[in-house]
Structure formats: structure tokens, C-alpha cells
2 protein chains.
Amino acid sequence: MPVTKGSTIDPARTRATILEAATAVLYERGLDGIGVAELCTRIGVSKETLYRHFGTKDGLVEAMLQARSERVTSWLAEAAAAAGDAPGEQLAAVFDALQRWYDDPVFRGCAILNAAAQHHVDAVRTITARHLGHYLDLLTGIASRAGAVDPPVLGRQLLMLVEGATVVAAHHDAAGAGEAARQAALTLLSAAARPSL
Amino acid sequence: MPVTKGSTIDPARTRATILEAATAVLYERGLDGIGVAELCTRIGVSKETLYRHFGTKDGLVEAMLQARSERVTSWLAEAAAAAGDAPGEQLAAVFDALQRWYDDPVFRGCAILNAAAQHHVDAVRTITARHLGHYLDLLTGIASRAGAVDPPVLGRQLLMLVEGATVVAAHHDAAGAGEAARQAALTLLSAAARPSL
DNA sequence: GGTAGATGGTACCGGTCGGTCCGATCCGAT
DNA sequence: ATCGGATCGGACCGACCGGTACCATCTACC
């Protein structure tokens with residue numbers, strides 16, 4: 001957790017290190033749950049360095065949420081891709097990946113949605129909307145390849161299952177949330193692909 | 001018992017007024033987005049009165065979330081009950097009620113989940129879990145009366161749709177979120193009630 | 001009219017907030 | 001050997017935080 005500055009003074013590396021450590025601490029404590037001073041001691045960096053890299057606390061938050069969105073989105077997309085070409089398999093893989101996330105002891109819900117729930121800054125709302133948009137694209141693609149009658153609608157319903165499962169896992173009971181959502185998702189997928197049955 | 005009434009101006013009414021006004025302001029601004037001083041001027045009450053009724057800011061927050069949970073839960077239950085005895089109709093009524101909520105210009109997601117996303121206090125987490133539990137009871141009851149093979153599982157899946165629709169409506173696009181979720185819910189209900197088809 | 005509780009208004013408290021600044025130190029390149 | 005950028009550690013700032021104290025005022029009941 002302390003700054004592991006390799007052999008070089010490398011601003012880019014310092015920035016990345018701050019980002020990674022700050023993400024963990026702010027996720028655990030909440031954006032307003034820790035001040036900049038304590039945050040800096042926890043991640044082992046001076047206030048001046050943090051402010052030189054990110055300007056303001058809000059700047060750090062935005063950079064961190066943006067990075068988190070990209071990481072999580074590609075992580076889900078890769079989980080789907082690794083499951084092969086069958087849309088049903090890809091969808092199941094997405095929810096299996098989510099369940100693994102829910103089982104992480106530090107899981108506290110989606111960091112981006114948590115941030116949007118408390119921070120009214122426009123930049124955060126923009127990042128959040130785009131984040132959900134990326135999820136929607138992934139799920140709509142699966143719906144489309146499954147031959148759904150109305151892929152955008154099914155994609156949206158699957159997005160609701162993803163987000164709903166995350167909320168339930170975070171605030172009610174994480175055990176089996178991913179599996180329950182996966183089963184519901186596959187039911188919707190089948191019904192949409194063969195509406196006559 | 002004749003005693004007790006030493007009161008004069010009606011503290012209970014004052015308390016209720018504070019609770020109602022504070023709910024609106026804190027929902028709009030976020031729990032940490034406004035200080036007690038400004039909050040008091042906004043709701044037209046002195047700090048001393050507020051602190052005498054609720055002890056601390058956290059006390060106010062907890063009382064407010066508890067009241068909100070009860071109001072919203074009974075509101076949804078009544079919407080379902082008003083739809084008659086058919087489980088499918090009741091379920092549809094729930095999502096129709098949600099869509100009306102989403103269409104409110106001040107809609108910013110579920111106040112209770114928003115609070116839980118930022119506040120790590122145990123009392124808030126407890127209120128949130130219980131709140132979701134009440135939703136779950138309502139939906140599991142519908143699932144059961146619909147003859148679902150496994151009412152608890154279907155109830156949980158329906159809960160995910162409710163919460164997912166709320167998240168999507170709050171942070172992505174409110175238009176038609178309730179309708180999309182309703183359609184998905186009815187599909188799940190049909191599939192669970194007649195698994196052989 | 002007297003009295004007691006409820007309230008408003010306001011000054012005040014210690015602490016913490018986000019953010020700035022400066023000197024000392026470290027490091028890689030020259 | 002030296003120099004310049006990156007970093008650290010901490011002092012410092014004004015503003016605001018949640019919370020308390022005090023007092024004048026108001027209102028309902030006697």
C-alpha cells in the first residue's frame with residue numbers, strides 16, 4: 001500500500017499509484033468519509049503531490065471514477081467474450097463474474113453509483129450515465145445476437161437485472177444474488193428469442 | 001394519566017414538520033451536501049429545536065429514513081392491493097407506481113439506498129436492509145399467490161428488477177424504465193408459474 | 001395574570017475541512 | 001559535482017462543520 005516508487009522518479013507512475021490506492025480507500029470509507037489529509041497519509045503520499053497531480057479532491061474523484069469505469073467495463077466484456085460465442089453462455093458468464101465480485105469481503109456496491117448517489121457534481125453524473133451506457137451496449141449486443149425481437153428493450157431489462165442484483169447484494173444479501181439474477185436473465189433471453197412459446 | 005400534558009405548542013407537530021421538510025432538502029442536496037445551520041434556515045426552525053427533537057444530525061437522518069421507508073413501503077403495498085386479486089395485475093401496478101415516481105422532476109433515486117451508499121453508520125445499513133426486506137416480502141407474496149414454483153427466488157428476482165429499474169431511471173434514463181421492468185417482471189412471473197411451458 | 005414549556009435567534013466552541021506554501025531531501029541526468 | 005524536477009513533511013489559512021449555551025419571546029393552560 002505505500003508508494004512503491006521503482007528506481008525512478010516517474011510522475012506517471014506516481015499518479016497511477018495514487019489513483020489505485022485512493023480508489024480503495026475512498027471506496028471503503030466513502031467520498032466524504034475521509035479528508036484529504038488522512039487520505040494522503042493512508043496512501044503514503046504528501047498533500048502537495050496529490051494536489052499537483054489532480055488539482056482538487058473532486059479532480060481526484062473524477063479521475064478515479066473514470067478509471068474504475070473503464071476497468072470494470074472491460075473486465076465484464078472480457079468475461080463475456082471468454083465464454084464463447086453463444087449469447088446465453090456469455091450472459092451467464094457476466095452474472096457469474098458479478099457473483100465473484102459480490103463475494104469479495106470488501107464489496108460495498110458499485111463505486112460509481114455510490115458516488116453518484118452522494119455527489120451532485122455534473123462530472124460525476126456524466127461519468128455514471130456513460131458507465132451505464134457501456135453496460136447497456138454490452139447487454140444489448142448479447143440480446144441482439146440471441147435473436148431477440150427487440151434487442152434494445154431486452155438489453156435494458158438485463159441492465160436492470162445487473163444493477164438490481166448489485167444493489168441487493170450490497171444492501172441485503174450477497175449470497176446467490178448473481179445466480180438468481182443469471183437465472184432470471186436467461187429466462188428473459190429465452191422468452192425474447194422465442195416470443196411465441 | 002391525566003398528567004403528562006404539560007405541553008403547550010405541540011412538539012409532535014413541530015417534529016413532524018421538521019422531518020418532512022428535512023426529508024425534501026436532504027434528498028435534494030445529499031446528506032453531507034448541506035450543514036445543519038443552512039438546513040435549519042431552509043426548513044424554518046432553530047438549531048436548538050432541531051437538536052432537542054433529534055439529538056444529532058445522524059439522529060435526524062435515521063428518523064427520516066425510517067419514516068421514508070414506512071411511507072414508501074405502504075404506498076407500494078397499497079398500489080398493489082388496489083389492483084385487485086390477480087397477482088399479475090398487482091405486479092403490474094407496482095411497476096406502474098414506480099414509473100410515476102420516476103417521472104417526478106425531483107426524482108433522484110431511492111433516498112434510503114442513496115443514504116446507505118454514502119453513510120457507513122450501522123443504523124443506516126440496518127434500516128436499508130429492513131427496507132429491502134419489506135419490498136421482498138411484498139414481491140414474494142405476489143410470487144406465491146401466482147403459484148410460482150419457488151416464490152422466494154422469484155420474489156428476489158422481482159426485487160432486483162424493482163431496484164434495477166430505480167437505478168437505471170435515476171442515473172441513465174427514466175423514460176419507460178418502469179414499463180420495461182414491468183414487462184420483464186410479468187415474463188418472469190409467467191415462466192415461474194408455468195415452468196413446463 | 002402568572003407560569004412553564006416550546007421556540008427563535010444568535011453568539012460561541014473546538015475541530016476539521018479543502019487547499020496553499022515553503023524548506024529539506026532525494027534522484028536522475030549532465 | 002552539480003543541477004532541476006519530483007517528492008515529503010508540516011505549518012498555515014480561512015471557512016465551515018456539528019453541537020452547546022443563553023436569553024427573549026410566544027403560547028396554552030391555571
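This structure is a prediction, so every number in the text was calculated from the model and none was measured. In the text below, chain A, chain B and the rest are named by the order of the sequence lines, each starting its count at 1. In what follows, every heavy atom counts, from backbone to side chain, and hydrogens, waters and symmetry copies are set aside.
Note on A:G59: nothing from the nucleic acid sits closer than 4.0 angstrom, heavy atoms only.
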Check the interface with nucleotides 16-20 of chain D: list each N/O to N/O pair with the protein under 3.5 Å, or write none.
| residue | atom | partner | partner atom | Å |
| --- | --- | --- | --- | --- |
| D:dG18 | OP1 | B:K57 | NZ | 2.6 |
| D:dG18 | OP2 | B:V36 | N | 2.6 |
| D:dG19 | OP2 | B:Y51 | OH | 3.1 |
| D:dG19 | OP2 | B:K57 | N | 2.7 |
| D:dG19 | N7 | B:K47 | NZ | 2.6 |
| D:dG19 | O6 | B:K47 | NZ | 2.3 |

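Atom P of nucleotide C:dT7 and atom CZ of B:R13 are separated by 12 Å, given to the nearest angstrom. At whole-Å resolution of the value, CZ in B:F54 and C1' in C:dT7 are 15 Å apart.
OP1 or OP2 of D:dT7 has at least one side-chain nitrogen or oxygen of A:H53 nearer than 4.0 Å. Contact annotation: A:S46 does not reach the phosphate of D:dT7 (side-chain N/O to OP1 or OP2, under 4.0 Å). For B:T49, no side-chain nitrogen or oxygen approaches OP1 or OP2 of C:dA6 to under 4.0 Å. Within the 4.0 Å cut-off from OP1 or OP2 of D:dT7, at least one side-chain nitrogen or oxygen of A:R52 is found.
Residue pairs meeting the ring-ring contact (aromatic ring centres under 6.0 Å, His included) criterion with at least one member in residues 46-97 of chain B: none, sequence neighbours excluded.
Judged as a side chain to side chain contact (heavy atoms under 4.5 Å, CB included), and not counting sequence neighbours, B:A24 has no contacts. For B:Y102, the side chain to side chain contact (heavy atoms under 4.5 Å, CB included) partners two or more places apart in sequence, or in a different chain, are B:L98, B:Q99, B:F107, B:A165, B:T166, B:A169, B:A174, B:A177. Taking the side-chain hydrogen bond (donor to acceptor under 3.5 Å, both in side chains) definition, one finds that A:E78 meets it with nothing, sequence neighbours left out.
At a cut-off of 3.5 Å, with distance as the only test, a side-chain donor of B:E70 or B:Q66 sits close to an acceptor on the other residue.
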Output a table of donor-acceptor pairs, distance under 3.5 Å, between side-chain atoms of residues 134-155 of chain B and any protein atom two or more places apart or on a different chain; print 'none' if there are none.
| residue | atom | partner | partner atom | Å |
| --- | --- | --- | --- | --- |
| B:T140 | OG1 | B:L136 | O | 2.7 |
| B:R145 | NH1 | B:G141 | O | 3.4 |
| B:R145 | NH2 | B:Q90 | OE1 | 2.9 |

